[in-house]
J.: 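Got a structure here, written out as structure tokens. Questions coming.
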Amino acid sequence: MLGLKLPTDPRWANIAEKNIEEILIDHAYCEQKAASTAISLIVSFPEYPELVDEMIALSREEMGHFKMVHEQLLKRGHVLGRDRKDEYVIKLIGFFPKGGSRTTQLIHRLLIAGLIEARSCERFRLLSEELKDKELAEFYHRLMVSEANHYTMFLKFARKYGEREEVDKKWEQLLDFEAEIMKGLGKDKTIHG
Ligand SMILES: [Fe+2]
Ligand SMILES: [Fe+2]
């Protein structure tokens, strides 16, 4: 599924279930960061009209997700709380060397964004299958579908703006690297932990 090379240990869903307040807070910030990434891509690459257009829509959609997660928190008597570092994302961002042409930088950012969507989608699928709270399970099922579409969109843009063969090679390398990171994860009460 989604090209990921290492599935999450299903036991992670139990950890998530027992710590649902922390999961929801962390998740809310994942949505906020997804919206921020979309806006940042607009500012960094304004010369790509189709990308700009899609990123406008995406930033809105991700803030819509943020609102939905926030509502789930309030409904359960919790408040948002502070954001925490996402070590998984920090490691991914460090994978590609800095520099290169603008196109190269764009491709790298699109691939990383696509991968984060793919892994988030996989985690949401687990939550949708494993949570005993039926309302939340349904909620995660709907979000899983959205994030799968985002994953496809980012990959599509990377292949459109880059050279197909090179983009696919980089994608494979990034997937391998991500699988290595994942070996040490799946134990934490965060969406990517
Ligand atoms: Fe989202
Ligand atoms: Fe997304």
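Order of appearance sets the numbers: ligands from 1, and atoms from 1 within every ligand. Residue numbers count from 1 along this sequence.
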J.: Between Glu71 and Arg76, is there a salt bridge with N-O shorter than 4.0 Å?
T.: no
J.: Can you sort out the partners of Asp53 under salt bridge (Lys or Arg N to Asp or Glu O under 4.0 Å), two or more places apart, ordered by chain and number?
T.: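 Testing Asp53 for salt bridge (Lys or Arg N to Asp or Glu O under 4.0 Å), a comparison that skips the adjacent residues, returns none.
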J.: For the Fe ion (ligand 2), which protein N/O/S atoms are closer than 2.8 Å?
T.: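 Under 2.8 Å from the Fe ion (ligand 2) - ignoring waters, which are not counted - the protein N, O or S atoms are Glu62 OE2, Glu117 OE1, Glu117 OE2, Glu147 OE1, His150 ND1.
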J.: Would you say the ring centroid of His27 lies under 6.0 angstrom from that of Tyr140?
T.: yes
J.: Are side-chain N/O atoms of Ser101 and Thr104 paired as donor and acceptor at under 3.5 Å?
T.: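 Yes, a side-chain donor-acceptor pair sits under 3.5 Å.
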J.: Would you compute the distance between atom CZ of Arg159 and atom CG of Leu110 and round it to the nearest 0.5 angstrom?
T.: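 Atom-to-atom, Arg159:CZ and Leu110:CG are 12.0 Å apart.
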J.: Is Lys160 salt-bridged to Glu50, cutoff N-O under 4.0 Å?
T.: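 Here Lys160 pairs with Glu50 in a salt bridge, since their nearest N and O are under 4.0 Å apart.
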